[in-house]
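One structure below.
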Amino acid sequence: MTTLDYNELLGAADRAARAGGDIVRRYFGHLEGVREKSPGDWVSEADLASEQAIRALLTRDSGLPVFGEEAGGDDFDTGWLVDPLDGTSNFVHGFDAVGVSIGLIEDGVPVVGVVHAPLLDRTFCGAKGLGAFRDDRPLRVSTRAPEHGIVATGFPFRHKDLLPRYERALAAALRRFEDLRRAGAASLDLCWTAEGVFDGYFELSLGPWDVAAGGVIVREAGGVVTDWAGDDRAWLRSGNILAAPPAVHAALLDLAAATDR
Ligand code: LIP
């Protein structure tokens with residue numbers, strides 16, 4: 001078994017994310033080629049071109065397999081999970097909260113992550129044992145008490161069957177925390193949690209490409225990442241995620257358990 005060099009792979013992910021981000025920036029405000037894959041699920045020329053550029057660079061620089069949101073790929077235990085434009089609805093509406101998200105999983109566990117926000121001009125990264133950073137600044141999750149926390153979330157707008165449970169969680173979260181935010185790009189919600197801007201994050205049924213990179217970044221910033229039942233691996237596949245500093249994570253777990261009816 002070869003050992004992965006996380007530092008080197010972080011460099012590869014960073015180059016690829018910036019290349020994807022350059023493409024996203026060029027297309028912003030030009031909406032040719034936007035189409036709806038399924039209700040509320042948008043794809044644009046920018047997603048496709050960004051993914052193509054990212055794939056080519058990751059393959060050239062690492063030789064590891066790539067699975068992308070748009071073009072898919074083979075299943076693997078060790079390889080790259082890529083969202084070439086996270087927050088496509090934001091992008092289509094001209095809202096600049098979008099991320100290019102590249103996560104590396106090793107034996108099914110996220111170990112390296114880069115989230116580049118091309119329209120906000122910042123890049124978040126993290127790797128197992130190496131810490132988490134926004135550009136060169138180390139990241140740390142917040143220490144606010146849950147009742148003073150502003151917690152991010154995303155609505156399951158494409159999965160109406162999840163609404164009853166989600167609505168119970170949303171109502172409980174509004175009571176438990178000071179306030180909530182819904183910015184529309186899961187990868188950035190996770191990075192803002194790692195940065196201590198948000199005090200936690202919860203969402204249901206995301207894609208692994210939405211959360212792999214941000215999940216490592218939160219963990220390396222001192223946060224806890226699990227699914228809604230507290231499992232620390234299953235969140236990647238189910239996309240049911242709770243990510244927060246320990247005290248807010250505990251509050252989110254209670255709330256998730258109380259709404260599991
Ligand atoms: C989106 C997420 C967003 C979530 C949506 C969607 P996409 O990613 O980042 O937060 O609520 O369900 O998955 O599809 O724009 O890459």
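Indexing begins at 1, ligand by ligand and atom by atom, following the structure's order. What you see is a predicted model; the values in this text were computed from it and never measured.
- Contact annotation: the side chain of Trp235 approaches that of Val225 to within less than 4.5 Å [non-hydrogen atoms, C-beta and beyond].
- Ligand 1 is surrounded by Glu69, Asp83, Leu85, Asp86, Gly87, Thr88, Phe157, Arg158, Arg182, Gly184, Ala185, Ala186, Glu203, Leu206, Asp210, each with at least one heavy atom closer than 4.0 Å.
- Taking the six-membered ring where the residue is Trp, Trp228 and Tyr166 present tilted rings, their angle falling between 30° and 60°.
- Within a 6.0 Å sphere centred on CG of Asp121, heavy atoms belonging to other residues, nucleotides or ligands number 12 at most.
- Formation of a donor-acceptor pair under 3.5 Å by the Trp209 side chain with backbone atoms of Pro84 is not found in this model.
- Within the 4.5 Å cutoff, side-chain heavy atoms of Tyr6 are placed close to those of Val111.
- Taking the side chain as every heavy atom from C-beta outward, Leu180 and Phe198 never approach each other to under 4.5 Å.
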